[in-house]
Amino acid sequence: MAKYHLILNNAPAGYDQYGETVARGKIDTVEYVSKTVGTTRKMMIYTPPGYTENQRYNVLYLLHGIGGDETEWCHHASPQVILDNLYAARKLAPMIVVMPNGRAMPNDRAEGNLFDTDKLKAFEDFESDLLYEIIPFIESNYWVQIDRENRALAGLSMGGGQSLNIGLGNLDHFAWIGGFSSAPNTKAPERLVPHPEEATSKLKLLWLSCGVLDNLKHVSDQTHAYLSQHNVPHIWYEESGGHDWPVWKNDLYHFSQLIFQKFQV
Ligand code: FER
C-alpha cells in the first residue's frame, strides 16, 4: 500500500443536492434469511444509475451507529444524492452500496437502552451475519465482483468500530476499510492489527477520520498512533465538527471516491 499525502477539504457546497440533469440510482429495501440470527432481516441497497448485468460491480458495505438501523444512512445522509452526483462527475468506480442492520439479534430496532449488554454483543455477532449471510446473499443476487479487492467495509461510530474490527480481522475478505468517528467498540490497537506488515501488504486503503469536537476522538487517536508507530499506511483525516451527520456525509463523499480506484499517492 502506498503512503498517503492527501489533502481533504470539506465536500463542496451542493454535494448533497440534486442537480437537474443527474441520472439517478435506486434504493431498495431487501430481505434475507439469516441463520446466524434466526430471523429474516432487512437491509437497504443502493444500485447506481444504469446498473446493468453487462458489468460486475464493486460492493461497499456501509454500517450505521448505535442509534440506528439499516435505514439510518438513508434517513440522515441522502447517500443516493451524494453518490449519484459523484457518478455524474465520473468520480466513482462502479459500485453498489449495501446498508445492513449491524445489530445482529432478533429485535434489531434501535429502541430501549442501546447500551444493554445483549445489544452491544449483537454488534459483535454481526461479524458472522456479514461474512456468512449478507455477503453470500449479495453475491448470488447482484451483478457483483467477489474478490477482496472489490469489497469495501466502512461505517460510522459503532459501525466504524465494526468496520475496523471485522475488516482488519478478515483481510482475506476486505481490501478497503474505513472507520468514521469510530466508537469504543474498536479493539485495542495491538489486537486490531497484531501483524502490521501483513496488514500493510494486504490493504488497498485504510481510512480513519474523526471530527475534532467528537468526545470519542481518543479512540481514533490511539488507533492512528499505533498504525503510525508500526508504519501501516493509512489516511488520517481530522475534520471540523463533532459526532454528527455533516461529518459522516463528508466522510462518505471522500471515502467513496478513493475506494476501488487504482491510485498511487
Ligand atoms: C460508547 C460510547 C458511544 C460506546 C459506543 C458508542 C460501546 C457509540 C456511539 C455511536 O454509535 O454513535 O462508550 O461503547
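As the structure lists them, so they are numbered: ligands from 1, and atoms in each ligand from 1.
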Among all protein heavy atoms in this structure, tell me which lies nearest to [atom], with the distance rounded to 0.1 Å.
{"atom": "atom 10 (C) of ligand 1", "result": "Ser157 OG, 2.6 Å"}
{"atom": "atom 3 (C) of ligand 1", "result": "Leu216 CD1, 3.8 Å"}
{"atom": "atom 13 (O) of ligand 1", "result": "Pro184 CG, 3.5 Å"}

Inset, instruction - Any atoms of ligand 1 less than 4.0 Å from a non-hydrogen atom of Gly65? List them with their elements. - result: 11 (O)
Inset, instruction - Heavy-atom contacts with Ala183 under 4.0 Å: which atoms of ligand 1 show up? List them by number with element. - result: 5 (C), 6 (C), 8 (C)
Contact between ligand 1 and [X] is defined here as a heavy atom of the residue under 4.0 Å from a ligand atom; is it met?
{"X": "Gly67", "answer": "no"}
{"X": "His64", "answer": "no"}
{"X": "Phe115", "answer": "yes"}

Inset, instruction - Consider every N or O of Leu156 and every N or O of ligand 1, then say whether any pair is closer than 3.5 Å. - result: no
Legend entry - Tyr61 with Val37, same ILVMFWY side-chain cluster at under 4.5 Å: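 No.
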Legend entry - Pairing of Arg103 and Glu111 as salt bridge, 4.0 angstrom limit: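 No, no charged N to carboxylate O under 4.0 Å.
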Inset, instruction - Would you please indicate if the ring centroids of Tyr51 and Trp143 are separated by under 6.0 Å? - result: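 Between Tyr51 and Trp143, the centre distance is under 6.0 Å.
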Legend entry - Pair Tyr57 and Tyr142, ring centroids less than 6.0 Å apart: no
Inset, instruction - Decide yes or no on side chain to side chain contact (heavy atoms under 4.5 Å, CB included) for Phe255 and Leu62, but give the supporting numbers first. - result: CA-CA 11 Å; Phe255 181 79; Leu62 185 62; over 6 Å; no
Legend entry - Option passing ring-ring contact (aromatic ring centres under 6.0 Å, His included) with Trp248 (candidates His64, His243, His76):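 When His64, His243, His76 are each tested with Trp248, the ring-ring contact (aromatic ring centres under 6.0 Å, His included) holds only for His243.
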Inset, instruction - Linking directly or through intermediates, with side-chain heavy atoms under 4.5 Å: list the remaining ILVMFWY members grouped with Phe123, chain and number order. - result: Ile66, Leu114, Phe115, Leu120, Met158
